[in-house]
Amino acid sequence: MADSPIHPPEPAYLARLNPEQRRAVETLDGPVLVLAGAGTGKTRVLTARFAHILLSGRAWPGQVLAVTFTNKAAREMAGRVAAMLDRPAEGLWLGTFHSLCARMLRRHAEAVGLKPNFTILDTDDQNRLLKQVMEAAGIDHRRWPVPAVMGHIQRFKDRGLTPDRVTPAEADSDFAGGKLIELYRDYQARLLAVNAADFGDLLLSVTELLRTDAAVLADYHRKFRFILVDEYQDTNLVQYLWLRLLAQGSKNICCVGDDDQSIYSWRGAEIENILRFEKDFPGAAIIRLERNYRSTAPILAAASHLIANNEGRLGKTLRAAGNDTAGEKVQVLSLWDSDEEARAIGGRIEQFRRDGEQLSEIAVLVRAGFQTRAFEERFVAIGIPYRVVGGAKFYERQEIRDAMAYMRVLHQPADDLAFERIINLPRRGIGDTTLRTFHAHARAHRVPLYATAEALAPSQKGRVREALGELLRNFTRWREQIAGAGHVATVAAMLDESGYTDMWKNDKSPEAPGRLENLRELVRALADFENLAGFLEHVALVMENDEAADGERVSVMTLHAAKGLEFDTVFLPGWEEGLFPNQRALDEGGGRALEEERRLAYVGLTRARRRATISCAANRRIYANWQASIPSRFIDELPEDQIMRIGAEAARRAHAVSAPSWFVPGQRPGRLIEAGAWETAARPARDDALAVGDRVFHQKFGYGRVTLVDGEKVDVSFEKAGEKKLLDRFLEKA
DNA sequence: CGTCGTCTTATTTTT
DNA sequence: TAAGACGACG
């Protein structure tokens with residue numbers, strides 16, 4: 001690199017950007033939408049833009065609002081911005097929608113009827129609270145499951161609808177006996193009563209405040225000169241409203257996203273937000289990032305071809321930026337059943353391992369959680385280290401939630417849900433009857449349970465009075481202790497002196513030692529925070545799976561969990577009609593849902609750098625019995641010249657194409673797929689077409705009669721197994 | 001208050 | 001099939 005004497009050296013953060021990326025970084029004024037395809041350097045653009053705003057002197061760190069969906073993304077951005085600035089970035093308004101809103105809401109808590117130390121409830125607490133509300137309203141929670149009612153309430157919140165804003169037409173009139181709005185209203189009242197907010201409230205309350213309080217809004221307008229938003233395609237309506245309100249000030253809002261990766265509609269995300277951007281923000285610059293630095297040409301071609309089947313896209317075509325235009329074709333494996341699928345994939349991974357590939361660069365991405373099981377079993381059997389990403393979280397464990405409840409009561413005595421959880425834990429002889437009395441009293445006098453307990457303790461009888469008195473005295477003492485001894489020592493003392501630790505020490509179950517270890521870990525984590533409030537906020541909003549990405553393991557996870565990740569080698573099993581695209585999704589969401597499923601497939605494919613292998617099984621065990629399945633329509637939407645079909649699918653194509661395309665020169669099929677798989681692979685398409693009424697035999701389902709023929713897909717009514725849709729080649733004429 | 005048995009239900013879950 | 005939730009019962 002020769003130094004130019006004329007031009008000053010470019011800042012490092014601009015130097016390695018391509019022209020589009022550079023435009024996305026340097027277009028600072030006015031609204032900007034950056035359509036960033038998978039692997040096109042989105043994060044680099046976002047952080048470079050952030051750095052550019054600061055280093056060009058356009059704003060101080062505290063004048064930039066940077067919003068992400070995940071804590072991980074926020075952390076990453078913070079780290080990279082700090083690195084670019086060459087100093088720790090302080091005073092940033094950088095975080096998730098929820099953490100930023102929590103920060104705002106604590107400042108303005110009184111304005112919405114909360115105290116600044118309000119508790120942020122998790123799903124479990126939400127449901128418990130709603131259940132109480134439903135019981136009070138006389139709604140049978142068996143007929144109308146609590147999570148379902150909660151789902152409706154959440155959807156209202158996602159759409160920025162307070163109970164007052166919900167029109168009766170929008171509340172499904174039969175649902176919950178027509179009392180949905182009423183339940184919503186009661187639930188919100190209960191939240192205020194226990195000084196708590198749920199996740200949805202964080203956004204809803206702040207947005208409502210910005211909508212109705214011009215002074216507060218003007219304050220934030222003065223404050224934020226630039227707004228940056230990541231993953232814009234996943235915003236829901238209330239998040240959009242929140243952003244739009246805040247952006248009315250400076251108009252400098254930059255949203256980065258990819259409409260083709262919108263996969264969270266079922267959580268309230270509205271892909272329309274990104275599709276409508278130009279209308280919502282007039283004069284917006286639209287910048288497309290289409291140079292993909294991640295995947296090989298065949299993978300990109302497959303992904304692009306597939307996603308082109310969607311309508312209503314903003315339209316972008318990924319191009320390979322690197323010179324790696326060679327690359328292996330995407331393999332499409334057809335297998336007999338799900339066990340064979342696990343064996344085949346396990347076998348290939350073993351081969352990769354022998355070839356010296358890193359297991360941490362291999363991922364199995366499934367549509368639904370239950371699919372992981374077959375892989376786990378297989379990997380255990382053949383000794384492949386793996387990790388299932390997602391699953392039970394640290395803070396969802398019972399002992400952690402219990403300990404958290406103690407801390408919540410310590411910090412915020414009005415937290416009824418927390419108090420209820422620990423009042424008799426460990427057992428203190430304070431049973432249902434006592435609690436019911438307290439509830440009645442609390443409700444009647446509109447005071448928290450804790451205050452009720454204090455008021456009623458002296459009038460209780462013997463054991464209850466003693467135990468309750470001791471607990472309450474202890475809490476008073478612990479609260480006094482915090483100032484002197486500090487929150488870490490106090491919490492440690494609280495867990496011991498309350499008898500909670502002993503409860504687990506005396507527990508003989510095999511999990512008990514682990515739980516004690518988790519509790520110690522929790523207390524250790526407490527030391528990272530200045531005070532209890534900070535820690536509680538962290539756990540509610542930020543704490544995530546502490547599974548360190550340790551060592552050499554294959555990752556197994558859902559497609560949703562894989563968004564944002566990349567691997568050299570990606571396996572995509574279960575591409576079958578019904579599973580993927582998922583029948584249930586289709587039933588609920590129709591054509592829109594199909595497009596979202598397709599986007600999910602697109603996300604899956606674009607996770608792969610070098611190799612992608614799709615597979616489908618002809619038989620899958622779902623619940624009790626075997627289901628026949630036919631290959632996913634998405635397989636037929638792949639570009640034939642970029643894929644290599646192996647197995648029954650190949651045999652089928654072999655009819656149309658002259659050479660048997662499953663034959664890989666120089667590679668014996670037996671090595672490529674296991675013997676069992678070869679059975680399937682070798683099974684040719686049938687040349688004697690079946691007709692309606694034919695009696696047929698199937699290996700798993702026995703005898704049946706053909707009821708419908710659609711090319712090679714036939715419906716059969718089996719004598720024992722009932723109606724099935726399957727490929728004709730698995731049937732024999734009987 | 002705890003245990004046992006029955007019933008239900010089974011996609012995805014960034015916060 | 002299998003796990004989790006809930007209610008009845010001891």
Side-chain angles (χ1 to χ4, degrees), chain A residues 67-76 95-102 120-124 126-127 131 140-143 145-148 150-151 154 157-158 197-204 230-236 238-239 257 261-269 365-373 389-393 395-396 424-435 537-545 557-565 574 578-589 593 596-597 599-601 603-604 621-627:
Chain A
V67 198
T68 64
F69 270 87
T70 65
N71 293 300
K72 195 176 157 207
R75 230 177 14 243
E76 199 177 316
T96 62
F97 277 100
H98 293 87
S99 68
L100 292 166
C101 281
I120 297 166
L121 298 187
D122 63 21
T123 318
D124 218 66
Q126 288 178 44
N127 286 332
K131 192 172 169 187
D140 181 4
H141 69 267
R142 302 184 59 175
R143 170 117 190 264
V146 176
M150 184 53 78
Q154 294 296 354
K157 294 186 178 183
D158 289 343
D198 66 22
F199 281 114
D201 286 331
L202 296 175
L203 274 137
L204 181 66
D230 191 15
E231 306 276 21
Y232 188 63
Q233 78 283 351
D234 287 332
T235 50
N236 60 34
V238 71
Q239 288 161 340
Q261 292 189 64
S262 166
I263 55 175
Y264 281 104
S265 73
W266 49 275
R267 285 200 81 187
L365 309 182
V366 297
R367 175 62 180 86
F370 71 84
Q371 290 173 264
T372 61
R373 206 178 134 179
V389 178
K393 298 180 173 101
Y395 57 85
E396 281 171 1
N424 197 32
L425 190 86
R427 307 233 167 276
R428 301 187 172 93
I430 303 167
D432 257 3
T433 327
T434 313
L435 204 54
E537 184 96 340
H538 173 80
V539 173
L541 289 175
V542 184
M543 200 157 159
E544 37 200 337
N545 274 357
M557 68 186 100
T558 63
L559 288 159
H560 284 90
K563 196 171 77 154
L565 305 178
L579 179 58
F580 191 38
N582 187 274
Q583 189 56 49
R584 230 178 126 147
L586 264 37
D587 290 345
E588 280 168 27
E596 180 149 320
E597 294 286 302
R599 290 193 290 271
L600 205 44
V603 167
R621 200 147 112 178
I622 293 181
Y623 315 135
N625 47 3
W626 286 94
Q627 293 291 149

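Lettering of chains follows the sequences in order, A, B, ..., and the numbering in each one begins at 1. Note that the coordinates shown come from a computational prediction; the quantities given were computed from them, not determined experimentally.
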- Query: To the nearest Å, how far apart are A:Arg367 CZ and B:dT11 P?
  - Reply: 10 Å
- Rounded distance (Å) that lies between atom P of B:dT13 and atom CZ of A:Arg267: 9 Å
- Between A:Phe580 and A:Arg367, the two heavy atoms sitting closest are CD1-CD, 3.6 Å
- Item | Closest-nucleotide ordering on DNA chain B, the 5'-leading residue of A:Phe199 and A:Phe370 | A:Phe370
- Item | No-H, no-angle donor-acceptor pair, A:Arg621 side chain to C:dT1 base, under 3.5 Å | no
- Message: Between B:dT12 and C:dA5, how many Å separate the two P atoms, rounded to a whole number?
- Response: 16 Å
- Message: Considering every strand and a 4.0 Å limit on heavy-atom distances, what is the contact class for A:Tyr264: base, sugar-phosphate, or nothing?
- Response: base
- Task: Name the nucleic acid region contacted by A:Gly200, choosing base, sugar-phosphate or nothing; use a 4.0 angstrom heavy-atom cut-off, strictly under.
- Result: nothing
- Message: Mind checking if A:Gln239 touches a base, just sugar-phosphate, or nothing, with heavy atoms under 4.0 Å?
- Response: nothing
- Note on the structure: For A:Ala73 and A:Asp230, the nearest pair of non-hydrogen atoms, with its separation, is CB-OD2, 4.2 Å
- Shortest non-hydrogen contact between A:Ala74 and A:Thr96, atoms and distance: CB-N, 4.5 Å
- Task: Mind checking A:Asn424 for me? I need base, sugar-phosphate or nothing, with any heavy atom below 4.0 Å counting as a touch.
- Result: sugar-phosphate
- If we only count heavy atoms from C-beta on, is the A:Arg75 to A:Thr70 side-chain gap below 4.5 Å? no
- In whole angstroms, how far is the C1' atom of B:dC1 from the CZ atom of A:Arg428? 16 Å
- Once you round it to whole Å, what is the distance between C1' of B:dT14 and CG of A:Leu203? 13 Å
- Query: Can you tell me how far C1' of B:dT13 sits from CG of A:Leu541, to the nearest Å?
  - Reply: 16 Å
- Nucleotide nearest A:Trp266 when distance is taken to its side chain, options B:dT12, B:dT15, B:dT11: B:dT12
- Message: Using a 4.0 Å heavy-atom cut-off, does A:Ala368 contact any base of the nucleic acid, only the sugar-phosphate backbone, or nothing at all?
- Response: sugar-phosphate
- Task: Please work out if A:Asp122 contacts a base, only the sugar-phosphate, or nothing of the nucleic acid, heavy-atom cut-off 4.0 Å.
- Result: nothing
- Candidates B:dT11, B:dT13, C:dA2 - which lies nearest the side chain of A:Arg584: B:dT11
- A:His560 vs A:Ser99, nearer the 5' end of DNA chain B by closest nucleotide: A:His560
- Atom-pair distance (CE on A:Met557; P on B:dT14), nearest Å: 13 Å
- Message: If I take atom CZ in residue A:Arg373 and atom P in nucleotide C:dA2, what distance separates them, rounded to the nearest angstrom?
- Response: 6 Å
- Message: Taking the P atom in each of C:dG4 and B:dT11, what is the distance between them to the nearest angstrom?
- Response: 15 Å
